[in-house]
Amino acid sequence: MALDAELTGERAHLAHAHDCLLEMAASAEAIADFGSDALASEGLGRLRSQRLAALAADPDAPAFFGRTDRDGADSESGPSDERVTIEQLHIGRRHIRDAQLNPVVIDWRAPIARPFYRATAADRMGVTLRRRFGFGTGEHAGQLTSYEDERLDRGQRLGADSRILREEIERPRVGPMRDIVATVQPDQDEIVRAGLDSSLCIQGAPGTGKTAVGLHRAAYLLYTFPERLRRTGVLVIGPNAAFLHYIAQVLPALGENGIAQSTVDELVGHAEARATDDLATAVLKGDARMADLLQRAVLSCIQRPTDDVVAMVGTRRFRISSDRLLRFVDDARRSFVAGELRWGQARDRIAMQLAEYVRRLREAGGGAPSDSETRTLARSRPIKAAVDAVWPALAAPALLARLWSEPEFLAACARGLSADEQAQLLWAKVPKSARSARWAPADLVLLDELVGLLDGTASYVHVVVDEAQDLSAMQCRAVARRCGLGSITVLGDLAQATTAWAPGTWEATLAHLGHPGAEIRPLTIGYRVPGEVLELANRLLAHIAPSLQPATSVRAGDGALSFRPRGDLSAAVGSCLSHEGAPIEGSVGVIVADADLEATVLELAGLGARRLSEEADARITVVPASAAKGLEFDSVVLVEPASIAVAATELSGLRQLYVALTRAVSRLIIVHDQPLPAALRE
């Protein structure tokens, strides 16, 4: 009866929290604007919309997921005194208060909620009891069904043995990634709550939750530093559009909207990619030496002054010697090379320096020119012509097209590149103009480098970049330009680096990202991938990343791995949908070699399988191995591992196979007729 009473009481509190959330939303909806200031009205409307979006009730996301009972004692106080008043705090995705402004649910990011994630029996942080709640699924989603207690004051701590924790991790999913706020572990929480000024690199093995940790860190920073971050923003960068679609609902579910999300290709989308490079050329264009080449190309456009400048003010002429103009140019060049000025800013500064010099001449003659007159003079035809002659206006596409079209110009700028490398970069067929040029994807990254030199790019206070191990040096520089004065969270796994242009070490990647001092933190405890599956995948580490520590799983996953012949593909997929006539919930990913994608989609069409898309969430998704990174499915059917292992190069093929093997949350079925790769059989 006591247990029933406890559960009844918690259900009543859940219903009360839900009602309070609806009241908070109704109050936000009722905010009226009685002012006459149009700008203020627009701002108020925007704030109201943001508030309503943050308070939107999600029927599948209960108002709270945990509770702590606190006596205010620290870990050295010994067992709690029963006479001490116990403070109960329910922990949820957002703060909820009642009509009297009393807290009903505490936001998981609040400092007072930290003990829910960090407290142990040895250091209980004032917590006597930690309670986790279990909720129904399907038609019973959101209904509180059970709870589980840890009496820390009595030395109890379940950790990974928590049944509710395990059920939440294994809960079936179809569609976008869910938040993990109810299951964040202490090693993950340390990263999530790191300060805004801390730049971190998370080397996360499969299933360790590195992507979710990075997203929850963004949500935590927005909550903790709202004034600094909401104005200048947080940017989340993912490897492809399908991945961004997959993670798109995590931050809104945590009450955060408006965070910018982009792929690197979208960041550098200054033109359309209509051509392809061979692999060697793409690798060369991603090399860090390209940055020096492009800067030299820009600097080569500076001309030494040969003529004096004659500025007109009314009917009077003022002569500025070419030597004085040269001083202005040299000063601008030094500032440009040091990164203190963009090319366009330098043009403006030289023009103002010329106008200010004329102003001093007029003042020496007894005049009193105004600031407005000086600005007007800086825009006058003689000064603009002088600036154009020594520091001309440049366009990124035209300058890059000139490099790839003129061997002599490329050779003059390509110090450190061999003759063969220069020949790789030159166009076989020169376009009539930069406008008609057919750019390759790697060219767009170089165009972004030039745009950064010439005009600058948008900047953010914090950037989260996932799957960073695959970025080239030049792609890293594109990311670095977006957080030059801010901090960064770098997420990835060197064992999953599948691009030929990847730098290969975190130290090199972090240097190119502009944060060489970022702390590298490993995550090696797997929560998502069953142990049986992870043990198989770890056999590849000796071949693809021998320096990395193999991950371990908190879930044994007995029976999670099985093998079938290739002819049983449809049956294998069907077994993921139902067992002995009973339906099985959850998503199914069929991972195949890229070349086998279309044939596999056609073969499984009768089961409703669809190819991977950033616009739709299918129950059965056929995924090319090259696009599997970052995704996860309840069940994975992996088709012909040997075909995946031979992709591109042996190293990248084995790494693609490592990725494919570690996408399953509950079970992995390997379907094959070809012998398994030798690395898996060892």
Side-chain angles (χ1 to χ4, degrees), residues 117 120 132 148 157-173 177-192 202-214 216 467 491-496 521-563 576 586-589 591 628-638 641 654-670 676 679-680 682:
Y117 298 103
T120 65
R132 297 183 188 276
E148 189 176 56
R157 184 170 185 269
L158 295 173
D161 294 328
S162 165
R163 173 186 58 82
I164 287 179
L165 187 69
R166 189 166 57 251
E167 289 177 352
E168 173 62 23
I169 290 174
E170 297 175 355
R171 183 157 56 98
R173 75 218 53 229
M177 177 182 181
R178 292 197 305 262
D179 66 72
I180 63 165
V181 66
T183 62
V184 170
Q185 296 299 291
D187 59 334
Q188 299 171 328
D189 190 65
E190 287 184 15
I191 296 169
V192 168
I202 312 306
Q203 162 56 46
T208 55
K210 58 183 177 293
T211 296
V213 165
H216 286 63
E467 305 298 349
L491 311 168
D493 179 10
L494 294 177
Q496 298 183 53
R521 294 194 185 183
L523 287 177
T524 59
I525 301 176
Y527 302 97
R528 314 293 297 172
V529 184
E532 190 177 358
V533 173
L534 200 54
E535 288 174 9
L536 177 67
N538 282 344
R539 296 181 185 181
L540 299 177
L541 285 180
H543 302 270
I544 61 177
S547 63
L548 293 184
Q549 179 182 347
T552 58
S553 177
V554 299
R555 300 160 54 216
D558 294 336
L561 176 65
S562 60
F563 298 82
C576 299
S587 58
V588 181
I591 304 180
K629 196 171 301 178
L631 305 178
E632 65 181 19
F633 304 90
D634 291 287
S635 299
V636 167
V637 179
L638 178 60
L654 286 178
R655 285 178 171 170
Q656 278 193 12
L657 180 56
Y658 179 75
V659 172
L661 286 166
T662 54
R663 300 305 95 196
V665 174
S666 296
R667 61 173 170 165
L668 170 67
I669 303 175
I670 296 178
L676 294 176
L680 280 185
E682 291 173 357

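Index from 1, following the sequence.
- Remark: side-chain polar atoms of Gln185 are paired, donor with acceptor, to backbone N or O of Thr183 under 3.5 angstrom.
- Contacts classified as salt bridge (charged side-chain N to carboxylate O under 4.0 Å, His left out) and involving residues 530-552 (residues at least two apart or in different chains) are not found.
- Residues Val665 and Arg555 are in side-chain contact: their nearest non-hydrogen atoms beyond the backbone lie under 4.5 Å apart.
- Looking only at distances, no side-chain donor or acceptor of Asp493 sits under 3.5 Å from a matching main-chain atom of Ala205.
- One N or O on the side chain of Arg663 and one on the backbone of Leu631 form a donor-acceptor pair closer than 3.5 Å.
- Put simply, the side chain of Val184 does not reach to within 4.5 Å of the side chain of Tyr527, judged on heavy atoms.
- Inter-residue side-chain proximity for Thr662 and Leu534 is flagged as met; some heavy-atom pair is nearer than 4.5 Å.
- Ser635 contributes no side-chain N or O that, together with a main-chain N or O of Arg667, makes up a donor-acceptor pair within less than 3.5 Å.
- Side-chain contact between Val529 and Leu668 is absent, with no heavy atoms from C-beta onward closer than 4.5 Å.
- Looking only at distances, a side-chain donor or acceptor of Gln188 sits under 3.5 Å from a matching main-chain atom of Thr208.
- What you find for Asn538 and Ala551 is that their closest heavy atoms are ND2-O, 3.0 Å.
- With Lys210 contributing its side chain and Leu523 its backbone, the two residues share no donor-acceptor pair below 3.5 Å.
- Checking side-chain atoms of Tyr117 against main-chain N and O of Val181 turns up a donor-acceptor pair under 3.5 Å.
- A donor-acceptor contact shorter than 3.5 Å links the side chain of Arg132 to the backbone of Ala182.
- With Glu148 contributing its side chain and Arg163 its backbone, the two residues share a donor-acceptor pair below 3.5 Å.
- Nearest heavy-atom pair across Cys576 and Val637 is SG-CG2, 4.0 Å.
- Not a single donor-acceptor pair under 3.5 Å links the side chain of Arg521 to the backbone N or O of Asp187.
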